[in-house]
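Since this is a predicted model, take the numbers as computed values, not measurements. Order of listing sets the numbers, starting from 1, for every ligand and every atom in it.
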Amino acid sequence: MSFSRRDFVKTSVLGAVAAGLGPSAEAAQNDNAQSGSYKRPIIICAHNGFNYLEDAFAFLKNGGDTLDAALRVVKGPEDDPNDTSVGLGGIPNEEGVVELDACCMHGPTRRAGSVGAVRNIKNVSMVSKAVFEHTGHVMLVGEGAERFAVDVGFPRENLLTDHSRKIWLLWKEYHSRDWWGPGLTDPHWQPPLDAPQQASPQKGEPQQPERGKPQSQLWRDRYRRLEEHAAALGIAEEDRAEAIHKVLFPPTGTIHCSALNEKGEISGCTTTSGLAFKLPGRCGDSPIIGAGCYTDQDVGSAGATGSGEENIKVAGAHTIVENMRHGMSPHEAGMDALQRIVRTYNGDMNRLRFVDMIYYVLRKDGAYAGVSLWEGYSAGHPHTIAVHDGSRRSEVATPLFKGFSQDFPPEPKVPEEIRKQYLK
Ligand code: GLY
């Protein structure tokens, strides 16, 4: 189906209005496909790849392979014990075991590889490449993937750092989550009675009066308990706010990277430790070819970070690449995939406010876009993408909706003085 820009703008506006909010004012601006001011080689990635872009760009410019360039970027956070969203030091599953997911696609040879729920191997992005290099398969998971990685030369190592172990212990001790309950998609799901009942466009803004208990007292007790646990576990004072936030609102950090060389060859990869404290064996979108990453040498490459389950259902990266094949710009293609997530929930903002997604979109000619469902997680911290096309920079992703996503699971609003005291 071909899709004109006018059709896209029309459905985008309608979708946003149906969802109860106006479309972002900037929605049509951040689109370098319109200005034509793009070039190659170019690498785009999630913000946590920023520090690794110089090296990867030099490698790409000197004739290095596009997938190897992208892997150089994501290897940085995988190796970094302080990045708790990827590789070594990733936040573990509910049993305290780090399980990693990754996939990649090599445009020039049209090959794909993927690994899911891998333990004890740090550079799973490179293992996903090894899958297509050494086997006729695309996806390996669990113990088999780990054994394969060791067989082809990857070292087994303990991925649980002391820092992540302590955050997990804090979560275990606090242990108020019920992962086995109905999810957001269950038709009978209801926010807790004492949670704010209306979509709130901005964290920290006045919300509906809360029903039920005296929340400020409840939060104060809860944080005091968490603080005491954190101190007893030996979590450094300066790390406690971050640890407490992760325990209350488990994150899904990830990195995606797409790289395009001067000749127009293009590749992409995505790697993650997935949802913090997940059920063992849970895979999100990152190892799913077509969801967390998709590359077509004829068209371009796309990847995602954010709510993995939502992205799987819209096959986000594949949807975006197909949209570009049918004529949409990178920006339009990404916005359409976001609209499909809105459609998943029939525009119900009481659910969508707990979902977030960032898409990284790179077209074969060098046009690119970063788009997100919401502006960011909180005021002053917008979603960004990192770009290198000769100059390295961070760019703010264009949001579909104005406002900020809310932490999941839904909690009653944290009183501002407690948020200031305990959370960043
Ligand atoms: N997007 C990463 C995950 O959900 O696992």
Asker: Show, in sequence, the C-alpha distance, side-chain angles and deciding distance for T295 and S301, and conclude whether the side chain to side chain donor-acceptor pair (under 3.5 Å) test is met.
Answerer: CA-CA 4 Å; T295 305; S301 183; 2.9 Å; yes

Asker: Any idea which residues sit under 4.0 Å from ligand 1, heavy-atom distances?
Answerer: T252, T254, G274, L275, R282, G284, D285, S286, G306, G308

Asker: So, Y368 versus H331, ring centres under 6.0 angstrom or not?
Answerer: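 Y368 vs H331: aromatic centres not under 6.0 Å.
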
Asker: List in chain and number order the residues that pass ring pair (Phe, Tyr, Trp, His ring centres under 6.0 Å) with F57, two or more places apart in sequence or in another chain; answer none if no residue qualifies.
Answerer: H388

Asker: Show the nearest heavy-atom pair for residues V299 and R363, with the distance to one decimal.
Answerer: O-CG, 3.6 Å

Asker: Using a distance-only test with no angle check, is there a side-chain donor-acceptor pair under 3.5 angstrom linking N158 and N120?
Answerer: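 No - no donor-acceptor pair under 3.5 Å links their side chains.
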
Asker: Ring centres of F401 and W374 under 6.0 Å apart?
Answerer: yes

